[in-house]
Amino acid sequence: MDEESERALSILMREGRNESDAVRTALLEAGRRRAQRSALAAEVSRLAADPVDTAERRAVMADMDAVAADWPA
């Protein structure tokens, strides 16, 4: 393993896990994070393709632009 991986494994093992449990925990946590990112990306894609949501988003942005103060020159 590289140095960064060794440090990460060491952190997990200091929590009282043996090497096998630490690796299993890391894999499960990484899998959950990837699944969450995939679900979020799918939701963003769905909303970006939704014409009603897009129109609402544009209307809100226009309203915000209308009340926003001008930036200093």
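Side chains are part of it too, since the values below use all heavy atoms of this structure and drop only hydrogens, waters and symmetry mates.
Taking each heavy atom of Leu9 and Met1 in turn, the nearest pair found is CD2-CE, 3.3 Å. Shown here for Leu12 and Ala22, the closest heavy-atom pair between the two residues is CD1-O, 3.4 Å.
In the hydrophobic clustering, Met64 connects to Val60, either directly or through intervening members, whenever side-chain heavy atoms lie under 4.5 Å apart.
Qualifying side-chain contact (heavy atoms from CB on, under 4.5 Å) partners for Gln36, counting only residues two or more places apart in sequence or in other chains: none. For the side-chain contact (heavy atoms from CB on, under 4.5 Å) test, residues two or more places apart in sequence or in another chain that qualify with Ser10 are Arg14. In terms of the side chain to side chain donor-acceptor pair (under 3.5 Å) criterion, Ser38 has no residue partners (sequence neighbours excluded). Every residue was checked against the side-chain contact (heavy atoms from CB on, under 4.5 Å) condition with Val67, not counting sequence neighbours, and none meets it. Taking the side-chain contact (heavy atoms from CB on, under 4.5 Å) definition, one finds that Arg37 meets it with Arg33, Arg34, sequence neighbours left out. Shown here are the salt bridge (charged side-chain N to carboxylate O under 4.0 Å, His left out) partners of Glu3, two or more places apart in sequence or in another chain: Arg7. Applying the side chain to side chain donor-acceptor pair (under 3.5 Å) criterion to Asp65, with sequence neighbours excluded, gives no partner residue.
Rounding to the nearest 0.5 Å gives a distance of 12.5 Å between CE of Met13 and CD1 of Ile11.
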Could you list the donor-acceptor pairs under 3.5 angstrom formed between side-chain atoms of residues 40-50 and any protein atom two or more places apart in sequence or on another chain?
from, atom 1, to, atom 2, distance (Å)
Glu43, OE1, Arg46, NE, 3.3
Glu43, OE1, Arg46, NH2, 3.4
Glu43, OE2, Arg46, NH2, 2.8
Ser45, OG, Ala41, O, 3.1
Asp50, OD1, Val52, N, 2.9
Asp50, OD1, Asp53, N, 3.3

Identify each donor-acceptor pair in which a side-chain atom of residues 25-32 lies under 3.5 Å from a protein atom, sequence neighbours left out, and give them as a table.
from, atom 1, to, atom 2, distance (Å)
Thr25, OG1, Arg17, NE, 3.1
Thr25, OG1, Asp21, O, 2.9

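Remark: the Arg24 side chain and the Ser20 side chain contain an N/O donor-acceptor pair separated by less than 3.5 Å.
Environment of CD in Glu19: sparse, with no more than 12 heavy atoms of neighbouring residues, nucleotides or ligands closer than 6.0 Å.
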